[in-house]
There are 2 protein chains.
Amino acid sequence: MLLFKISTYAIVDGNMKIELVIAAVALVFFIIGIYLNKKTLSRNPQKKPEVDKNKIAELGLSKREYEVLVEISKGLSNKEIANSLFVSESTVKTHVSNLLVKLDAQRRTQAVRIARQLNIL
Amino acid sequence: MLLFKISTYAIVDGNMKIELVIAAVALVFFIIGIYLNKKTLSRNPQKKPEVDKNKIAELGLSKREYEVLVEISKGLSNKEIANSLFVSESTVKTHVSNLLVKLDAQRRTQAVRIARQLNIL
DNA sequence: GGAGGATTCATACTAAAGTACCAAAAAGCT
DNA sequence: AGCTTTTTGGTACTTTAGTATGAATCCTCC
């Protein structure tokens, strides 16, 4: 609107060709159109697959169980997970077992797949 | 440009307010700007994480080995993979072993993770 | 038609994963 | 403090995964 007013004044002053003024205004608004459009599109660019905390709670996954799940998805063995979480391998196995039941999975690989589909990874 | 010419003629006919003409032209080009921008952005909308066939070849993964890899990523056991590919479990094990070496993975879960990072899944 | 990779399968073995069951701390909650 | 869930860990066991090795068949390419 401001730009529009300015262009109007330019005409009132009136020593330029009208076509030029129109061309200039058109160009300016053309660019503004592109600019605004790009901005709105980049504001929410991609629906980032964020971790769905609600679903985690819904499944009854405890904090520790979820941590183990994350480590599994990294491809770690039970022993490696035990080290990274500072617990025994027995503990990890317990968590894994419970986790598989809650995710309705038979294997850890399947657990990862299901977890991905549920957007909790 | 066509639109521009038309608007010029309208002025030559000259019985409308100049401000209105400018406003109209501005609006039209504004919309055109948005439209064109949206079109170019939707032409290549999202860099879809497509399977990188080159990388598969680069790793020396055979057709069958890759198929096994895909089944692994679905969370299937060796026995289940054997059934789905109509081969024995022994064969699957062979493929898995070779596949792990080529992907430089120690476990199938790790293979899946690496494969994802390489965009071959 | 022979060379070589791919696919198939087997046996025998080791390692890892997973189950079942139990039980003691630790942490939260009211 | 008392109750509940979580976290921890153990033993014992079964199952699955993975390795090593060897070998037959199939396919393709030259």
Side-chain angles (χ1 to χ4, degrees), chain A residues 51-118 120-121, chain B residues 51-118 120-121:
Chain A
V51 181
D52 190 343
K53 279 205 157 194
N54 290 351
K55 194 137 287 173
I56 296 177
E58 199 178 297
L59 292 168
L61 280 183
S62 76
K63 185 180 170 187
R64 216 55 170 156
E65 285 163 353
Y66 179 72
E67 287 174 344
V68 169
L69 175 59
V70 171
E71 299 302 280
I72 288 177
S73 78
K74 292 180 186 170
L76 301 187
S77 69
N78 287 338
K79 195 169 293 185
E80 288 170 335
I81 296 173
N83 289 330
S84 84
L85 297 185
F86 305 105
V87 294
S88 76
E89 195 183 340
S90 295
T91 304
V92 175
K93 283 189 176 186
T94 305
H95 288 321
V96 173
S97 273
N98 294 332
L99 181 154
L100 291 181
V101 172
K102 291 177 181 177
L103 280 176
D104 193 28
Q106 277 70 53
R107 281 162 294 283
R108 46 169 59 208
T109 45
Q110 200 180 356
V112 171
R113 163 153 254 241
I114 293 172
R116 275 189 199 289
Q117 291 175 337
L118 295 177
I120 60 179
L121 272 181
Chain B
V51 180
D52 190 342
K53 279 206 157 193
N54 290 352
K55 194 138 285 170
I56 295 177
E58 200 178 297
L59 292 168
L61 280 184
S62 76
K63 186 179 169 187
R64 217 54 170 157
E65 285 163 355
Y66 179 72
E67 287 174 344
V68 170
L69 175 59
V70 172
E71 299 302 280
I72 288 177
S73 77
K74 292 180 186 170
L76 301 187
S77 69
N78 288 338
K79 194 169 295 185
E80 289 170 334
I81 296 174
N83 289 331
S84 84
L85 296 185
F86 304 105
V87 293
S88 76
E89 195 183 341
S90 295
T91 303
V92 175
K93 282 189 176 186
T94 303
H95 288 321
V96 173
S97 272
N98 295 331
L99 180 156
L100 291 181
V101 172
K102 291 176 181 176
L103 281 176
D104 194 29
Q106 278 71 51
R107 281 162 293 284
R108 47 171 58 210
T109 45
Q110 200 180 355
V112 171
R113 163 153 253 242
I114 293 173
R116 276 189 197 288
Q117 290 174 338
L118 295 178
I120 59 178
L121 272 180

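When reading the values below, keep in mind they use all heavy atoms of this one structure, side chains included, and skip hydrogens, waters and symmetry mates. Small disclaimer: the values here were computed from a predicted structure and weren't measured. To find a chain, count down the sequence lines: A is the first, B the second, and so on, and within it residues start at 1.
- Across Lys74(B), Lys79(B), Glu71(B), a single residue satisfies side chain to side chain donor-acceptor pair (under 3.5 Å) together with Ser84(B), and that is Glu71(B).
- Side-chain nitrogen and oxygen atoms of Thr91(A) include at least one within less than 4.0 Å of the OP1 or OP2 phosphate oxygen of dG9(D).
- Straight-line distance from the CD1 atom of Ile81(B) to the C1' atom of dT16(D): 12 Å, rounded to whole Å.
- In this structure, CG of Leu99(A) is placed 19 Å from P of dT5(D), rounded to the nearest angstrom.
- One atom, CD of Glu89(A), and another, C1' of dA12(D), lie 15 Å apart when rounded to the nearest Å.
- For Arg64(A), the listed nucleotide lying nearest its side chain is dT7(D); candidates were dT16(D), dT7(D), dG18(D).
- Applying the 4.0 Å criterion to OP1 and OP2 of dG9(D), one finds that Thr94(A) has every side-chain N and O outside that range.
- For the pair Ser97(B) and dT19(D), the criterion of a side-chain N or O lying under 4.0 Å from OP1 or OP2 is met.
- At a threshold of 4.5 Å between non-hydrogen side-chain atoms, the residues Leu59(A) and Ile120(A) count as touching.
- A side-chain donor-acceptor contact under 3.5 Å links Arg107(B) to the backbone of Gly75(A).
- The separation between Phe86(A) atom CZ and dT8(D) atom P is 12 Å, rounded to whole Å.
- Contact between Leu99(A) and Leu61(A) at its shortest, heavy atoms only, is CA-CD2, 4.4 Å.
- Going from atom CD of Glu80(B) over to atom C1' of dA17(D) covers 13 Å, rounded to whole Å.
- Residue Ser90(A) places no side-chain N or O under 4.0 Å from the OP1 or OP2 atom of dG9(D).
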Quiz item: Which is it for Thr94(A) and Thr91(A) under the side-chain hydrogen bond (donor to acceptor under 3.5 Å, both in side chains) test, yes or no, and what are the steps along the way?
Solution: CA-CA 5 Å; Thr94(A) 305; Thr91(A) 304; 5.9 Å; no

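- Atoms CG (Leu103(B)) and P (dG18(D)) sit 12 Å apart, rounded to a whole Å.
- In this structure, the nucleotide among dT16(D), dT8(D), dT19(D) sitting nearest to the side chain of His95(A) is dT8(D).
- Checking the phosphate oxygens (OP1, OP2) of dG18(D), a side-chain nitrogen or oxygen of Arg108(B) falls inside 4.0 Å.
- No side-chain N or O of Arg64(A) forms a donor-acceptor pair with one of Asn98(A) less than 3.5 Å apart.
- Panel note: side chain Lys102(B), backbone Gly60(B); a donor-acceptor pair is recorded below 3.5 Å.
- Residue Ser62(B) is the one, among Lys93(B) and Ser62(B), whose nearest nucleotide of DNA chain C lies closer to the 5' end (criterion: closest heavy atom).
- Nucleotides of DNA chain C with any atom under 4.0 Å from a heavy atom of chain A span, from 5' to 3', dA17(C) to dT19(C).
- Distance CG (Leu69(A)) to C1' (dT6(D)): 17 Å, rounded to an integer number of Å.
- Atom CG of Leu61(A) and atom C1' of dT5(D) are 14 Å apart (whole Å).
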